[in-house]
Amino acid sequence: MIDFNALAQEYQTPLYVYDLDAMSSQFEALKTAFKGRKSLMAYAVKANSNLSVVKHFASLGAGADCVSIGEVRRALMAGIPKYKIIFSGVGKRDEEIREALQNDILYINVESDGELGRVDAIAAELGVQARISIRVNPNIDPKTHPYISTGLHANKFGVDLDVAKRMYIRAKNSSNLDPVGIHFHIGSQLTELDPIREAAEIVADLVRSLSVLDIELKFFDIGGGLGIRYKEETTIDPYDYAQAILGTLRGLDLTVVMEPGRFLTANAGHFLTRVLYEKRNGTKRFVVVDGAMNDLIRPSLYNAYHGIEAPFRTGECTEADIVGPVCESGDFLAKNYPLPQMEHNDLLVVHSAGAYGFGMGSNYNTRGRAAEVAVEGGKARLIRRRESFEDLIALEKEFLES
Ligand SMILES: *Cc1c(COP(=O)(O)O)cnc(C)c1O
């Protein structure tokens with residue numbers, strides 16, 4: 001059990017707390033499900049990109065799935081070997097492609113024919129052969145929130161099957177390109193297995209038809225997206241997930257690459273905030289806390305649900321909106337949430353905050369970002385200090401005089 005009260009006292013609020021042991025358990029559960037098959041778990045760095053978190057996954061043997069060169073740098077700095085790093089993303093700049101190639105990472109996930117052309121040209125310039133994988137958009141409805149659906153033609157991600165095939169042929173015919181993998185990622189917070197299986201089948205069939213053209217791939221990259229339980233969702237069991245994927249790969253000798261993010265970190269993270277005030281506007285009850293949408297934007301952005309606990313209050317609950325100090329009506333952590341009567345300085349623990357929490361934070365309203373603490377083997381340590389006012393103005397101050 002994590003002593004949230006002690007952590008809030010020592011490190012102040014708002015505060016992110018990550019249970020690294022819980023992240024390890026999730027990692028092992030997924031790894032075990034795929035045992036007996038060559039596989040690589042490439043942690044999706046964007047879910048929680050704190051260097052100490054990435055380093056923790058490096059120590060477990062993870063690779064990294066990165067969506068910017070900044071994330072590639074983080075992964076390298078945190079000790080992920082270059083041969084386990086993948087660079088994905090729909091809009092890579094030339095400098096990013098160049099640096100990825102110079103770093104000799106495992107492969108670049110290419111998302112358009114235009115990008116393939118740029119990778120080809122930059123590889124030629126550098127005199128290297130670029131290992132690439134192509135992100136296929138299988139046009140499958142993943143049945144998740146529209147903002148985190150990525151596998152439909154209506155989404156900006158990947159290329160359709162015909163375009164992918166032409167791109168593989170183009171890659172095979174270029175001396176600067178080495179097509180080694182195929183990639184799909186149909187969405188995030190997936191709780192149904194059927195769309196994943198369907199997508200895998202479509203992509204596996206493409207692998208077979210490429211083989212006929214003498215294009216032999218090594219990596220079958222199934223992306224991330226495994227859902228977690230925020231409230232009462234039934235989630236996909238890692239074992240069933242593995243069986244569904246492996247079932248589509250009969251007769252194919254491919255290394256399965258996974259890019260889990262949320263699954264590994266979400267429920268291992270907690271966001272601590274203290275109550276500032278209780279107030280009522282008419283009959284509507286508000287609990288105003290010191291954490292806000294700039295710290296944790298998921299409720300505002302996706303109407304996401306987070307379980308919230310008031311560990312030191314008992315008594316009858318009534319519904320309240322739990323809101324932050326930011327000047328936006330969309331600034332809330334929960335709506336109509338049952339809470340006992342709260343007092344000034346009472347602690348609230350917002351659960352499932354380990355993925356897409358801190359990383360989506362901002363400095364809106366000139367609020368410094370929260371500190372981050374890791375707990376491992378019962379011991380807590382600071383892994384990012386709270387941002388100060390000086391930090392926030394550091395890049396502007398020098399221009400005041402001009
Ligand atoms: C965001 C992302 C992931 C991770 O998604 P989760 O839902 O957090 O598992 C994996 N791969 C790609 C390409 C992504 O963009």
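Note that the structure is predicted; figures quoted are calculated from it, not measured. Just follow the structure's listing: the first ligand is 1, and inside any ligand the first atom is 1.
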N/O to N/O below 3.5 Å, does that happen between [X] and ligand 1?
| X | value |
| --- | --- |
| Arg262 | yes |
| Gly225 | yes |
| Tyr356 | yes |
| Gly261 | yes |

Task: Reported CE-to-OG distance for the pair Met23 and Ser25, which is rounded to 0.5 angstrom - done: 11.0 Å

Open item on the list: Using 0.5 Å steps for rounding, measure from the CG atom of Leu177 to the CD atom of Gln129.
Closed with: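 Reported to 0.5 Å precision, the distance equals 7.5 Å.
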
Side chains of [X] and [Y] only: does a donor on one sit below 3.5 Å from an acceptor on the other?
| X | Y | value |
| --- | --- | --- |
| Thr273 | Asp290 | yes |
| Asp21 | Ser24 | no |
| Tyr230 | Arg262 | yes |

Open item on the list: Can you tell me if Phe157 contacts ligand 1 (heavy atom of the residue under 4.0 Å from the ligand)?
Closed with: no

Open item on the list: Taking 4.0 Å as the limit for heavy-atom contacts, which would you say applies to Ser188 with ligand 1: side chain only, backbone only, both, or neither?
Closed with: both

Open item on the list: Can you report which non-hydrogen protein atom sits closest to atom 15 (O) of ligand 1, along with the distance?
Closed with: Lys46 NZ, 2.8 Å

Open item on the list: Which residue and atom name correspond to the protein heavy atom nearest atom 13 (C) of ligand 1, and how close is it?
Closed with: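 Sorting protein heavy atoms by distance from atom 13 (C) of ligand 1 puts Glu259 OE1, 3.4 Å first.
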
Task: Cation-pi, Phe332 ring and Lys335 (6.0 angstrom, 45 degrees) - done: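 Yes.
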
Open item on the list: Using a 4.0 Å cut-off to any heavy atom of Asp65, which atoms of ligand 1 qualify?
Closed with: 10 (C), 11 (N), 12 (C), 13 (C)

- [ ] Could you list the atoms of ligand 1 found under 4.0 angstrom from a heavy atom of Arg135?
- [x] 13 (C)

TODO: May I have all residue pairs that pass salt bridge (Lys or Arg N to Asp or Glu O under 4.0 Å) and include part of residues 53-77, sequence neighbours excluded?
DONE: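 Matches after skipping sequence neighbours: Arg73-Glu99.
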
